[in-house]
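In what follows, a single structure is set out as structure tokens and then discussed.
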Amino acid sequence: MALIRRDFFARSVHAVAPDLIGATFLFGGVGGRIVEVEAYHHTDPAAHSFGGRTERNAVMFGPPGFSYVYRSYGIHWCVNFVCEPEGSASAVLIRAIEPLEGLAKMRRRRGLDDDRLLCSGPGRVCQALGISRVHNGLPLDAPPFELHRRSRKAVEVAIGPRIGITKAVDQPWRYGLKGSRFLSKPFRA
DNA sequence: TATGAGATCAACT
DNA sequence: GTTGATCTCATAC
């Protein structure tokens, strides 16, 4: 499997996001196949970077190919991959993966046995892989991150509106692996 | 199946 | 003081 390098992310978020579906995402050797992501662009009212640079979203304004980790609802952590040329402040939110590597670790961290619920949601992904604040602003092409392109085999990518936001709710910027049972929510046909 | 509350924190008004 | 790019558990239908 080919390693994903930083320049992979130096494109439009809307090109990178569907390309990540089916890719392998490991963190410290734990993880699996990406089955669901959402794209956020700085011109998008739902994006953290929309209102300009702040201390929290600073890494979104940096070069592509880095991680942006933030706390959600005071409880959860969520990971993003920064995209596009530096300064465009765009990112892809990792919403769900299909757990494949380090299952025992993930089950222990999540306190769950049900593999379907291990990583089916942005907060769950971070809990299962052990990602938190400390991992904000790290390069994605160096440990503990490990990203592989999907195999040459084509995948069917489903598209739909994003989840859990109140602005720009109609933009179809959620991408998922069609028919996967590990999605945080099914896509409407 | 569906809705509702609670957990808990940092950015922003 | 209010509001989330959320999840879990409880209670109601």
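Here is the naming used below: chain letters follow the sequence lines, and residue numbers restart at 1 for every chain. Because the structure is predicted, anything quoted here is derived from the model rather than measured.
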Check your understanding: Using atom P of each nucleotide, how far apart are B/dT8 and C/dA10 to the nearest Å?
Key -> 16 Å

Check your understanding: Should A/I94 and A/F81 be marked as a side chain to side chain contact (heavy atoms under 4.5 Å, CB included) after you check the CA-CA gap, both sets of side-chain angles, and the distance that decides it?
Key -> CA-CA 8 Å; A/I94 307 305; A/F81 297 164; 3.6 Å; yes

Exercise for review: Report the nucleotide, chosen from B/dC12, C/dC7, C/dA5, that has the shortest atom-to-atom distance to any side-chain atom of A/L93.
Suggested key: C/dA5

Check your understanding: Atom NZ of A/K185 and atom C1' of C/dT6: how far apart are they, to the nearest Å?
Key -> 11 Å

Check your understanding: Between C/dT8 and A/R110, is there an OP1 or OP2 to side-chain N/O distance shorter than 4.0 Å?
Key -> yes

Review point. Is the shortest side-chain N/O distance from A/R95 to OP1 or OP2 of C/dT6 below 4.0 Å?
Key: yes

Practice item. Let me know the distance between CD1 of A/I163 and C1' of C/dC7, rounded to the nearest Å. Key: 13 Å

Check your understanding: Taking any strand in view, what nucleotide pairs with B/dA7 in a Watson-Crick or G-U wobble way, both distances under 3.5 Å?
Key -> C/dT6

Check your understanding: Quick one: which of C/dC7, B/dC9, B/dC12 gets closest to the side chain of A/R71?
Key -> B/dC9

Exercise for review: Write down the distance between CH2 (A/W77) and C1' (C/dA5), rounded to a whole number of angstrom.
Suggested key: 15 Å

**Study point:** Contact nearer the 5' end of DNA chain C, comparing A/K167 with A/L112
**Key:** A/K167

Review point. Is it the case that A/R116 and A/S120 place a side-chain donor and acceptor less than 3.5 Å from each other?
Key: no

Review point. Nearest to the side chain of A/T54 - C/dT6, B/dA11, C/dT8?
Key: B/dA11

Practice item. Mind calculating the distance between CG (A/D113) and C1' (C/dT8) to the nearest angstrom? Key: 17 Å

Review point. If you measure only the distance, is there a donor-acceptor pair under 3.5 Å linking the side chains of A/S180 and A/E98?
Key: no

Exercise for review: Find the distance A/F50:CZ to C/dG4:C1' and express it as a whole number of Å.
Suggested key: 16 Å

Point to revise | Spacing between A/H76 atom NE2 and B/dG6 atom P, to the nearest angstrom | key: 16 Å

Check your understanding: Is a donor-acceptor pair below 3.5 Å formed from side chain A/Y73 to base C/dA5, judging by atom type as modelled?
Key -> no

Review point. Just checking A/R174: base, sugar-phosphate only, or nothing, at a heavy-atom cut-off of under 4.0 Å?
Key: nothing

Review point. What distance separates A/I163 CD1 from A/R95 CZ, expressed to the nearest 0.5 Å?
Key: 4.0 Å

Check your understanding: Between the base of B/dA11 and the side chain of A/H48, is there any donor-acceptor pair under 3.5 Å?
Key -> no

Study note, to complete from the structure: From OH of A/Y70 across to C1' of B/dC9 the rounded distance in Å is 14 Å

Check your understanding: Looking across every strand, which nucleic acid part, if any, lies under 4.0 Å from A/N57 by heavy atom: base, sugar-phosphate, or nothing?
Key -> nothing

Check your understanding: Is there a donor in the side chain of A/Q127 and an acceptor in the side chain of A/R110, or the other way round, less than 3.5 Å apart?
Key -> yes

**Study point:** 5' priority, DNA chain C, between A/T166 and A/V125 [closest heavy atom]
**Key:** A/T166

Review point. Would A/S12 and A/H14 count as having a side-chain donor-acceptor pair, cut-off 3.5 Å?
Key: no

Point to revise | Integer angstrom distance from the C1' of C/dT8 to that of B/dA10 | key: 22 Å

Exercise for review: Return the value, rounded to whole Å, for the distance between atom CD1 of A/I75 and atom P of B/dC9.
Suggested key: 7 Å

Review point. Under the criteria of a ring-centre distance below 5.5 Å and an interplanar angle below 30°, is A/Y40 stacked with the base of C/dA5?
Key: yes

